[in-house]
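Remember, predicted model here, so these are calculated numbers, not experimental data.
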Amino acid sequence: AIAPLVTLVQSGTDRQKEHAAGALRNLAVKNDENQVLIAQNGAIAPLVTLVKSGTDGQKEIAAGALRNIAFNADNKVLIAQNGAIAPLVTLVKSGTDGQKENAARALKNLAAKNADNQVLIAQACAIAPLLTLVQSGTDRQKESAAGALFFLADIAENKVLIAQAGAITAPLVTLVQSGTDGQKEHAAAALQSLAFNAENQVLIAQAGAIVALVTLVQSGTDRQKEHAAGALRSLAYNNAKNQVSIAQAGAIAPLVTLVK
């Protein structure tokens, strides 16, 4: 079924394109083999075309299809090579709510464990609009954008750019304090990555993150505890003031509990 679906995405009517893109999106959900087959059948280029110039519905669904296909490491490369990053960033900036969410999730998956894409996404000016979603998006947009910032922060230059954009001083810490479970997890993960930078260690502590992270270590979900403990580890690295603050916030006992 994949080859004829790709043909419809390329040259069908508007409704055919939308439904075919939706079918490819669904076929790629948590299915590694289908993710490979969809790419091998030439779907990426026409899906990128829909993201660039399709109807609103086509853009949203095509971004969702690229999001799912991008779980595959080789597909991350192909999607970037086909010029998807810039139009996805455009959707994050000015799309509909559904387009913003799917585009942010696509950028998140493209950035995961791919340093080249992390550079390209930052160069496409994605950080500021992702931060805007963290601050004022829907719940799902906030979670997706925080996840994208987490992966983008893998590389040193992006740690600086994300901090300079103002991500630390309130938005990510606010999600750790009062977000949904998914938002807390992704925001804590982003702070964990950002805190590998000495200046960011100071900013994160000044923004009041330590108490919120300790709370997650004490009573969060397993994934929240993992990322919050990782963030505290990063904050404490070669920073005597943070080491004192973390201890004073009551982190040691719940951290010991995790070790046990």
Give me the atom names and distance for the closest heavy-atom approach of [X] to [Y].
{"X": "Ala20", "Y": "Leu5", "result": "CB-O, 3.5 Å"}
{"X": "Pro171", "Y": "Gly166", "result": "CD-O, 3.4 Å"}
{"X": "Ala190", "Y": "Ala146", "result": "CB-O, 4.0 Å"}
{"X": "Val176", "Y": "Ala212", "result": "CG1-CB, 3.6 Å"}
{"X": "Ala63", "Y": "Ala106", "result": "O-CB, 3.9 Å"}
{"X": "Ala39", "Y": "Asn75", "result": "CB-OD1, 3.1 Å"}

Atom pair [atom1] ([X]) and [atom2] ([Y]), whose distance is rounded to the nearest 0.5 Å:
{"X": "Asn114", "Y": "Asp74", "atom1": "CG", "atom2": "CG", "result": "10.5 Å"}
{"X": "Asn82", "Y": "Ile79", "atom1": "CG", "atom2": "CD1", "result": "8.5 Å"}
{"X": "Asp154", "Y": "Leu194", "atom1": "CG", "atom2": "CG", "result": "10.0 Å"}
{"X": "Gln135", "Y": "Leu172", "atom1": "CD", "atom2": "CG", "result": "9.0 Å"}
{"X": "Ile85", "Y": "Thr90", "atom1": "CD1", "atom2": "OG1", "result": "12.0 Å"}
{"X": "Thr55", "Y": "Gln58", "atom1": "OG1", "atom2": "CD", "result": "3.5 Å"}

Check whether the side chains of [X] and [Y] place a donor and an acceptor atom closer than 3.5 Å, and report yes or no.
{"X": "Asn102", "Y": "Arg67", "result": "yes"}
{"X": "Lys184", "Y": "His227", "result": "no"}
{"X": "Gln201", "Y": "Asn242", "result": "no"}
{"X": "Gln224", "Y": "Asp181", "result": "yes"}

Does [X] use its side chain to pair, donor to acceptor, with the backbone of [Y] at less than 3.5 Å?
{"X": "Asn197", "Y": "Glu199", "answer": "yes"}
{"X": "Gln243", "Y": "Ala236", "answer": "yes"}
{"X": "Asn31", "Y": "Glu33", "answer": "yes"}
{"X": "Asn117", "Y": "Ala111", "answer": "no"}
{"X": "Asn68", "Y": "Gln35", "answer": "no"}
{"X": "Asn109", "Y": "Ala70", "answer": "no"}

Shared ILVMFWY cluster between [X] and [Y], side chains joined below 4.5 angstrom?
{"X": "Ile127", "Y": "Phe151", "value": "no"}
{"X": "Leu120", "Y": "Val92", "value": "yes"}
{"X": "Ile162", "Y": "Leu130", "value": "yes"}
{"X": "Leu107", "Y": "Phe150", "value": "no"}
{"X": "Leu8", "Y": "Ile69", "value": "no"}

Is there a side-chain contact between [X] and [Y] in this structure, where contact means two heavy atoms from C-beta onward sitting under 4.5 Å apart?
{"X": "Leu258", "Y": "Lys225", "answer": "yes"}
{"X": "Leu235", "Y": "Leu213", "answer": "yes"}
{"X": "Ser144", "Y": "Glu101", "answer": "yes"}
{"X": "Leu91", "Y": "Lys100", "answer": "no"}
{"X": "Val48", "Y": "Lys52", "answer": "yes"}
{"X": "Gln164", "Y": "Leu161", "answer": "yes"}

Task: Any residue meeting side-chain hydrogen bond (donor to acceptor under 3.5 Å, both in side chains) with Gln183, in chain and number order, not counting sequence neighbours - done: Asp139
Open item on the list: Going by side-chain contact (heavy atoms from CB on, under 4.5 Å), name the residues that satisfy it together with Val36, two or more places apart in sequence or in a different chain.
Closed with: Gln40, Asn72
Open item on the list: Checking one residue: Val119. Which other hydrophobic residues are in its cluster under the side-chain 4.5 Å linking rule?
Closed with: Ile155
Task: Heavy atoms of other groups near Arg140 CZ, more than 12 under 6.0 Å - done: no
